[in-house]
Amino acid sequence: MLLAEVQNAISEKKICVLIPTYNNEKTLKRVIDGVLDYTESIIVVDDGSTDSTPQILAQYPQITIISLPENKGKGNGLKTGFRAAKKSGYDYAITIDSDGQHYPDDIPVFVEALLQEKEEVLLIGNRNMSQDGIPKKSSFGNRFSNFWFWFETGIKLEDTQSGYRLYPLHKIPKKYFTPKFEFEIEIIVRTAWRHVPIKNVPIKVLYDPAERVSHFRPFKDFTRISILNTILVTITLLYIIPRNFVNNFKKKSFKRFIQEDVLESDGSNRTKAFSIALGVFIGLSPFWGFQTLLVISLSVLFKLNKVLAFVASNVSLPPFIPFIIAASLFLGAPFVSGNSDILSQDLNFELIKNNLLQYVIGSFILSTTLSAIAGITSFLFLNKVSPENN
């Protein structure tokens, strides 16, 4: 795109550039000057800098400057900037780090990508993490983040850690729970949960150890990120996946749901049959309280159909529990010494507690047998109603 076209698009789409900064006196001026080539719609959030940042910012009366009295973290700076941007009437914000690693001349990449979209989208700059000069710890951290983002949202990206992004201000969540570097993970995961597309766009990156000042604290911040991912994964397994499943079911007729979300879902008939078998196995196994977590985790690990596995795991719904207990105790009786008249007693969890080994052995026999039957039956049924071309 020509410079004039980029400038016009920034104005028409109501885009601002948000620059959070903290003690980046070596690179801040260069970043601001580069952005000014494209727009004066700039918001700089000075997150309590103690170097010459205030003096540098004083040279730019044409841009919006928000000075925070003390440093509270990048996430807090971004949240402050987002609020200011929306209040000023902007619809989008391009965030660019002030440490010099991002090139302002990549702004047209975001603008052009936005113009090509037919719906609201969140764009993340995709750095080439395999190029020379990229620290190995940064490359590893990015792969780690990519995996968990995919697990939590089902979206595969090549770069989820880049701070060079375009945010649709009216589609991102209004409230957040993290104040520091982990904020940039929280916001993209929770935005994806709102069914907003998240996509990568190619950008350049510069790692100059002589200029770049990183405020990332490896142990503390990695711990915070790990805790956040643990919470997000838990929410994904216990709420997001079941919510999406129910919503898809509500939007469609039963016949259409089966046809589109089950029969025509990703994976071969064999994969679908294995998914059902896994669900039945976990549902009947003695993993009470952890069945949903296990079935989704194993489905992801073995690349199975998560929806089918989750549905099949509900074979252990409350009405069926007495029958599962009875069958497990009956099948486990021959393998342990104990009361042979156990099934004449009340079927409850106290009975399981007093005959735990018998129940565990029997439940694994039951789950293995019925999962095999379910898998074979499902495979034959799927091949009949939806045959695959060999």
Going from [atom1] on [X] to [atom2] on [Y], what distance comes out if it is rounded to the nearest 0.5 angstrom?
{"X": "Leu18", "Y": "Tyr167", "atom1": "CG", "atom2": "OH", "answer": "9.0 Å"}
{"X": "Leu284", "Y": "Ser371", "atom1": "CG", "atom2": "OG", "answer": "8.0 Å"}
{"X": "Gln101", "Y": "Arg127", "atom1": "CD", "atom2": "CZ", "answer": "6.0 Å"}
{"X": "Ile185", "Y": "Gln161", "atom1": "CD1", "atom2": "CD", "answer": "6.0 Å"}
{"X": "Lys272", "Y": "Leu382", "atom1": "NZ", "atom2": "CG", "answer": "6.5 Å"}
{"X": "Ile65", "Y": "Ile19", "atom1": "CD1", "atom2": "CD1", "answer": "10.0 Å"}

Taking [X] for its side chain and [Y] for its backbone only, find out whether a donor-acceptor pair lies under 3.5 Å.
{"X": "Thr368", "Y": "Ile365", "result": "no"}
{"X": "Glu186", "Y": "Phe177", "result": "yes"}
{"X": "Gln7", "Y": "Asp37", "result": "yes"}
{"X": "Ser162", "Y": "Tyr164", "result": "yes"}
{"X": "Lys79", "Y": "Thr178", "result": "yes"}
{"X": "Asn142", "Y": "Glu158", "result": "yes"}
{"X": "Asn200", "Y": "Leu157", "result": "no"}
{"X": "Gln291", "Y": "Ile282", "result": "yes"}
{"X": "Arg194", "Y": "Lys171", "result": "yes"}
{"X": "Ser363", "Y": "Val360", "result": "yes"}

- Could you tell me how the ring of Phe183 sits relative to the ring of Tyr176: parallel (under 30°), tilted (30 to 60°) or perpendicular (over 60°)? perpendicular

- Task: Give the ring-plane orientation class for Trp148 versus Phe144, where under 30° counts as parallel, over 60° as perpendicular and anything between as tilted.
- Result: perpendicular

- side chain to side chain contact (heavy atoms under 4.5 Å, CB included) between Leu28 and Leu57, intermediate numbers included: CA-CA 9 Å; Leu28 178 59; Leu57 294 178; 3.8 Å; yes

[X] side chain near [Y] side chain, heavy-atom distance below 4.5 Å:
{"X": "Phe82", "Y": "Leu169", "answer": "yes"}
{"X": "Val45", "Y": "Leu68", "answer": "yes"}
{"X": "Tyr22", "Y": "Ser98", "answer": "no"}
{"X": "Arg270", "Y": "Phe379", "answer": "yes"}
{"X": "Phe274", "Y": "Asn305", "answer": "no"}
{"X": "Met1", "Y": "Leu115", "answer": "yes"}
{"X": "Lys13", "Y": "Val111", "answer": "no"}
{"X": "His170", "Y": "Lys86", "answer": "yes"}

- Result for side-chain hydrogen bond (donor to acceptor under 3.5 Å, both in side chains) between Lys74 and one of Thr95, Asp97, Thr21 points to Asp97

Please determine, by modelled atom types, if [X] and [Y] share a side-chain donor-acceptor pair under 3.5 angstrom.
{"X": "Asn383", "Y": "Asn269", "value": "yes"}
{"X": "Ser268", "Y": "Thr271", "value": "yes"}
{"X": "Thr160", "Y": "Asn146", "value": "yes"}
{"X": "Glu40", "Y": "Tyr60", "value": "no"}
{"X": "Asn23", "Y": "Thr50", "value": "yes"}

- Message: So that I can tick it off, tell me whether Glu182 and Arg224 are bridged by a salt bridge, with the cut-off set at under 4.0 angstrom between side-chain N and carboxylate O.
- Response: yes

- Asp105 with Lys204: basic N within carboxylate O range, under 4.0 Å: yes

Closest approach of [X] and [Y], non-hydrogen atoms and distance?
{"X": "Pro108", "Y": "Val6", "answer": "CB-CG2, 3.8 Å"}
{"X": "Ile276", "Y": "Ser378", "answer": "CD1-OG, 3.3 Å"}
{"X": "Phe151", "Y": "Thr236", "answer": "O-CG2, 3.9 Å"}
{"X": "Val121", "Y": "Val196", "answer": "CA-CG1, 4.2 Å"}
{"X": "Tyr38", "Y": "Pro104", "answer": "CE1-O, 3.5 Å"}
{"X": "Ser275", "Y": "Leu308", "answer": "CB-CB, 4.1 Å"}

Would [X] and [Y] show up in the same hydrophobic cluster when neighbours are defined by side-chain heavy atoms closer than 4.5 Å?
{"X": "Ile66", "Y": "Val31", "result": "no"}
{"X": "Tyr103", "Y": "Val201", "result": "no"}
{"X": "Leu232", "Y": "Ile187", "result": "yes"}
{"X": "Ile188", "Y": "Leu123", "result": "no"}
{"X": "Leu3", "Y": "Ile32", "result": "yes"}

- Message: The test is side chain to side chain contact (heavy atoms under 4.5 Å, CB included); show your working for Phe287 and Leu293 and say whether it passes.
- Response: CA-CA 10 Å; Phe287 300 122; Leu293 178 64; over 6 Å; no

- Evaluate side chain to side chain contact (heavy atoms under 4.5 Å, CB included) for Glu120 paired with Asp91, printing each intermediate quantity in order. CA-CA 10 Å; Glu120 300 280 33; Asp91 292 333; over 6 Å; no

- Hey, which of Thr39, Ile107, Ile94 is the one that makes side chain to side chain contact (heavy atoms under 4.5 Å, CB included) with Ile15? Ile94

- Message: Working note: Leu298 + Leu304, criterion side chain to side chain contact (heavy atoms under 4.5 Å, CB included); need CA distance, chi angles, decisive distance, verdict.
- Response: CA-CA 8 Å; Leu298 292 173; Leu304 300 178; over 6 Å; no

- Item | Enclosure of Tyr239 OH (heavy-atom neighbours >12, cutoff 6.0 Å) | no

